[in-house]
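Notes for the one structure printed next.
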2 protein chains.
Amino acid sequence: MSPTRTTSETAPVEALRLDRQLCFALYGAANRMQRLYRPLLDALGLTYPQYLAMLALWEQSPRSVGALGEALDLDSSTLTPLLKRLEAAGLVSRTRDPQDERRVIVTLTDAGAALRDRALTVPEQIFCQVGLPLDELTALRDKLKTVAS
Amino acid sequence: MSPTRTTSETAPVEALRLDRQLCFALYGAANRMQRLYRPLLDALGLTYPQYLAMLALWEQSPRSVGALGEALDLDSSTLTPLLKRLEAAGLVSRTRDPQDERRVIVTLTDAGAALRDRALTVPEQIFCQVGLPLDELTALRDKLKTVAS
DNA sequence: AGCGATTTAATCGCGTACGATTTAAATTCA
DNA sequence: TGAATTTAAATCGTACGCGATTAAATCGCT
């Protein structure tokens, strides 16, 4: 009755089991979350990371690339192309800081500021699909903030 | 004493605050986790998603692309190029299933199976850096599995 | 003032993710 | 049986992430 041994279900090494990995749970949840947002953000003409950048800018608008990167934990090699696309979409402007020409200042355009109104319903729509009670969601979010940071 | 009004800290719309978003906590934690793994996986010659694919294959080796995609929640447009790179690295072989020529069967090579030994210490090394007690890590992992799935 | 060190973005290369489409093989069923 | 449908992978295009490097501006120090 021993299983056929053509497949190598090599003696379960517990430490390496996929379903035991926090990293995989995180990876999967992050991917699924992005898929959940996609249809809503498509309607706004934003990608998921662009949406996060807009959230940051809606909170505070003239910001340097560096400050934005700090807030999002992304560096300029990721942000620069993303911001150029937001600029091409007419949502932000990018100008050198006259006080310090190394810095690039990102500012919401009127269209970028206005887009916030259309984004207002997004969080609620996502919440409904996540399927966690608010208190658990909050606890999960706060626990995630402590992971490897 | 009101703040200067050149910056548009537009009246805090609670629902859109970055620090309130589960999606952003997830996004950040997933990115940070990947950065944590990078130096360890570099030593194994694997990327992070490749490592996850190898975890799945170490559990069960001849698997179709579809079955692997099911396990990882990825589709063939992501997996096919990834698996071709693992094949180029000599860790897996890819062959058409003779029983059903639509299917491609992915099998660990000897080198691929052997790599598991060198991966054995990875989970422990990561655990030390994540900074969560085991019971909290387990609870977090299991909660993540329920998110949007 | 001058010059090396530092800081800030941008650039480049590689490897994902994924929607949309394509190709080929297997299956259904008229 | 054979045409239409379904299924499995591959292909293609777009947009990340990020390590490594580069370029330009500023700072620090004598």
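Below, chain A is the first sequence line, B the second, and so on; all start at residue 1. Atoms considered below: every heavy atom in the structure, side chains included; atoms not considered: hydrogens, waters and symmetry mates.
For the pair A:Asn31 and A:Lys84, nearest-nucleotide mapping onto DNA chain C gives the more 5' position to A:Lys84. For B:Asp75 and A:Leu82, each mapped to the nucleotide of DNA chain D holding its nearest heavy atom, the one lying further toward the 5' end belongs to B:Asp75. Of the two residues contacting DNA chain C, namely A:Arg38 and A:Val104, the nearest-nucleotide position lying further toward the 5' end is that of A:Val104.
In the set D:dC18, C:dC18, D:dA9, the nucleotide with an atom closest to the side chain of B:Ser64 is D:dA9. Of the candidates D:dC18, C:dT11, D:dT11, the closest approach to any side-chain atom of B:Ser77 belongs to D:dT11. Of the candidate nucleotides D:dA15, D:dT11, D:dT26, D:dT26 has the atom lying nearest to any side-chain atom of A:Asp100. Comparing atom distances between the B:Gln50 side chain and each of D:dT11, C:dG15, C:dA10 picks out C:dG15 as nearest. Candidate nucleotides D:dA9, C:dT11, C:dT16 were compared by shortest atom distance to the side chain of B:Pro49, and C:dT16 ranks first. You'll find that the side chain of B:Arg35 is closest to D:dG19, out of D:dG19, C:dG19, C:dA10. For B:Thr78, taking side-chain heavy atoms from C-beta onward, the closest of the listed nucleotides C:dC18, D:dG19, C:dA10 is C:dC18.
In this structure, B:Leu41 places its CG atom 15 Å from C1' of D:dG17, rounding to the nearest Å. Spacing between atom CG of B:Leu74 and atom P of C:dC18 amounts to 6 Å, rounded to whole angstrom units. Rounded to whole angstrom, the span from the CD1 atom of A:Ile105 across to the C1' atom of D:dA25 amounts to 14 Å. When the C1' atom of C:dC18 is taken as reference, atom OH of A:Tyr27 falls 11 Å away, rounded to whole Å. Here the P atom of nucleotide D:dA8 and the CZ atom of B:Arg94 are 17 Å apart, to the nearest Å. Atom P of nucleotide D:dA9 and atom CZ of B:Arg63 are separated by 12 Å, given to the nearest angstrom. Rounding to whole angstrom units, CG of residue A:Leu83 and C1' of D:dC16 are separated by 13 Å. The distance from atom CD of B:Glu101 to atom C1' of D:dA10 is 15 Å, rounded to the nearest whole Å.
Of the possible polar contacts, one joining the A:Thr109 side chain to the A:Gly90 backbone as a donor-acceptor pair under 3.5 Å is found.
Salt bridge annotation for B:Arg94-B:Glu87: present, with a cationic side-chain nitrogen under 4.0 angstrom from a carboxylate oxygen. Salt-bridge annotation for A:Arg20 and B:Asp142: absent, with no side-chain N of the basic residue lying under 4.0 Å from a carboxylate O of the acidic one. Ion pairing of A:Arg17 with B:Glu59 is absent here, as no side-chain N (NZ or NE/NH1/NH2) approaches a carboxylate O to less than 4.0 Å.
Residue A:Gln34 has no polar side-chain atom (N or O) positioned under 4.0 Å from OP1 or OP2 of C:dC18.
More than 12 heavy atoms of other shown residues, nucleotides or ligands fall within 6.0 angstrom of atom CG in A:Asp117. Heavy atoms of other residues, nucleotides or ligands lying less than 6.0 angstrom from CD of A:Glu70 number 12 at most.
At a cut-off of 3.5 angstrom, counting only N and O atoms as typed in the model, there is a donor on one side and an acceptor on the other between the side-chain of A:Ser76 and the base of C:dA10. Applying the 3.5 Å distance criterion, the base of C:dT7 shares a donor-acceptor pair with the side chain of A:Arg102.
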